[in-house]
Amino acid sequence: MRIEQAVLDVAAGSRDELETISVLADAVQARRTTAARLIETLDGRSRIAQREFLRGVLEDVGQGACSVLEHGYLTRVERPHGLPVAQRQLRASSRGPIFRDVAYSRFDTYVELDGRLFHDTARAHDADLERDLDAAVSGGIDLRVGWGQVFGRACSTAHKIGSVLNRRGWRGSTLLCSQCDDGTVRYGAATG
């Protein structure tokens with residue numbers, strides 16, 4: 001059995017959406033396969049559970065939403081609230097190659113999605129802090145967002161990020177999604 005078939009079988013049989021996303025994102029992140037090969041394999045299968053959901057996740061993973069948290073940010077924070085479309089996994093370099101999780105480059109604003117409760121090493125934590133300082137020196141800003149902001153407070157997070165983007169030149173407005181509480185959450189230029 002090819003890896004793509006196995007990954008799709010495991011993803012389609014997952015207990016919930018987060019596990020499905022994790023299976024797909026982890027396979028691509030580990031470079032065992034690509035989102036494009038998984039989509040091609042998915043298209044070649046006549047029967048599979050959750051076909052449309054799998055395809056949507058794979059398209060997002062193919063565009064750089066390479067973890068459950070990154071996918072959650074895209075589908076719970078950015079898209080439903082009308083934030084500008086960001087670049088994902090943007091390669092940058094201050095002292096060696098780094099990748100920006102979410103880059104609103106026009107506004108020198110970067111969202112770093114921090115899914116770990118603790119860093120693997122002190123060196124990894126130090127590298128994150130150095131990246132934040134480098135962004136500030138160059139006039140940019142790094143916003144650190146974690147699980148609670150994405151999965152617990154997505155609407156509030158979106159409106160806060162929209163407010164930061166407004167102060168940095170974005171002329172758009174954050175939208176109220178179907179989950180926003182009665183329209184009372186407002187930051188910056190957010191409108192209903």
Side-chain angles (χ1 to χ4, degrees), residues 14-22 24-26 29 53 56-90 92 98-120 124-125 127-136 138-192:
S14 296
R15 293 174 303 210
D16 58 41
E17 287 185 357
L18 294 181
E19 185 178 323
T20 302
I21 296 164
S22 178
L24 298 172
D26 289 351
Q29 183 77 357
F53 179 69
V57 170
L58 287 169
E59 288 171 354
D60 293 341
V61 169
Q63 293 184 16
C66 296
S67 71
V68 171
L69 186 57
E70 291 174 22
H71 189 266
Y73 179 85
L74 175 62
T75 61
R76 293 172 181 248
V77 177
E78 187 176 287
R79 278 185 190 152
H81 296 95
L83 293 174
V85 175
Q87 296 169 283
R88 291 185 157 61
Q89 302 306 318
L90 178 68
I98 60 171
F99 292 89
R100 299 278 187 189
D101 294 332
V102 177
Y104 299 104
S105 299
R106 273 185 52 209
F107 311 106
D108 288 326
T109 303
Y110 308 95
V111 177
E112 298 301 334
L113 295 155
D114 197 347
R116 296 172 288 187
L117 295 177
F118 302 101
H119 285 275
D120 296 326
H125 180 67
D128 286 349
L129 296 175
E130 192 69 23
R131 180 174 46 205
D132 293 351
L133 281 173
D134 288 344
S138 69
I141 184 171
D142 273 350
L143 305 173
R144 292 217 165 264
V145 173
W147 287 92
Q149 287 86 19
V150 171
F151 291 100
R153 299 177 299 283
C155 299
S156 173
T157 299
H159 293 285
K160 289 176 182 178
I161 290 173
S163 180
V164 169
L165 291 171
N166 285 145
R167 286 198 317 271
R168 299 185 68 81
W170 180 50
R171 297 202 186 280
S173 297
T174 53
L175 305 174
L176 295 175
C177 77
S178 63
Q179 301 300 308
C180 287
D181 60 355
D182 75 8
T184 59
V185 177
R186 295 255 201 284
Y187 297 94
T191 61

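Keep in mind the model is a prediction, meaning the values are calculated, not measured. Numbers here are sequence positions counted from 1.
- Here the CD-CG distance, from Gln63 to Leu74, works out to 8.0 Å after rounding to the nearest 0.5 Å.
- Distance check, rounded to the nearest 0.5 Å: CG of Leu176 to CD of Gln179 gives 12.0 Å.
- Checked by atom type and distance alone, the side chain of Thr20 never pairs as donor or acceptor with a backbone atom of Leu18 at under 3.5 Å.
- In this structure, Val111 and Ile161 approach most closely via the heavy-atom pair CG2-CD1, 4.3 Å.
- Judged by distance alone, the side chain of Glu70 and the main-chain N or O of Cys66 form a donor-acceptor pair under 3.5 Å.
- In this structure, Gln87 CD and Tyr110 OH are separated by 8.5 Å, a value rounded to the nearest 0.5 Å.
- Under 3.5 Å, the side chains of Gln29 and Ser67 contain no donor-acceptor pair of N or O atoms.
- Between Thr174 and Leu83 there is a side-chain heavy-atom pair separated by less than 4.5 Å.
- Side-chain contact between Cys180 and His159 is present, with at least one heavy-atom pair separated by less than 4.5 Å.
- Counting only distance, with no hydrogens or angles, the side chain of Asp142 and the backbone of Glu112 share no donor-acceptor pair below 3.5 Å.
- Between the side chain of Glu19 and the backbone N or O of Ser14 there is no donor-acceptor pair closer than 3.5 Å.
- With rounding to the nearest 0.5 angstrom, the CG atom of Leu69 is 6.0 Å from the CZ atom of Phe151.
- Scanning all heavy atoms of the two residues, the minimum distance from Trp170 to Gly82 falls at CZ2-O, 3.5 Å.
- Checked by atom type and distance alone, the side chain of Arg168 pairs as donor or acceptor with a backbone atom of Asp108 at under 3.5 Å.
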Worked verdict on Arg88 versus Glu78 for side-chain contact (heavy atoms from CB on, under 4.5 Å): CA-CA 12 Å; Arg88 291 185 157 61; Glu78 187 176 287; 2.9 Å; yes
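- Between Val145 and Asp114, every side-chain heavy-atom pair lies at or beyond the 4.5 Å cut-off.
- At most 12 non-hydrogen atoms from other residues, nucleotides or ligands lie less than 6.0 angstrom from CD of Glu17.
- Not a single ring-ring contact (aromatic ring centres under 6.0 Å, His included) links Phe53 to another residue, sequence neighbours left out.
- To the nearest 0.5 Å, atoms OH (Tyr104) and CG (Leu143) are separated by 9.0 Å.
- Side-chain contact between Val68 and Trp147 is present, with heavy atoms from C-beta onward closer than 4.5 Å.
- The main-chain N or O of Gly169 is never found under 3.5 Å from a side-chain atom of Arg171 such that the two would form a donor-acceptor pair.
- Using a 4.5 Å heavy-atom threshold, the side chains of Cys155 and His81 count as touching.
- Distance check, rounded to the nearest 0.5 Å: CG of Leu165 to OG of Ser173 gives 11.5 Å.
- Residue pairs satisfying the salt bridge (charged side-chain N to carboxylate O under 4.0 Å, His left out) criterion with at least one member in residues 60-69, sequence neighbours excluded, are listed as follows: Asp60-Arg79.
- At least one donor-acceptor pair closer than 3.5 Å links the side chain of Thr157 to the backbone N or O of Arg153.
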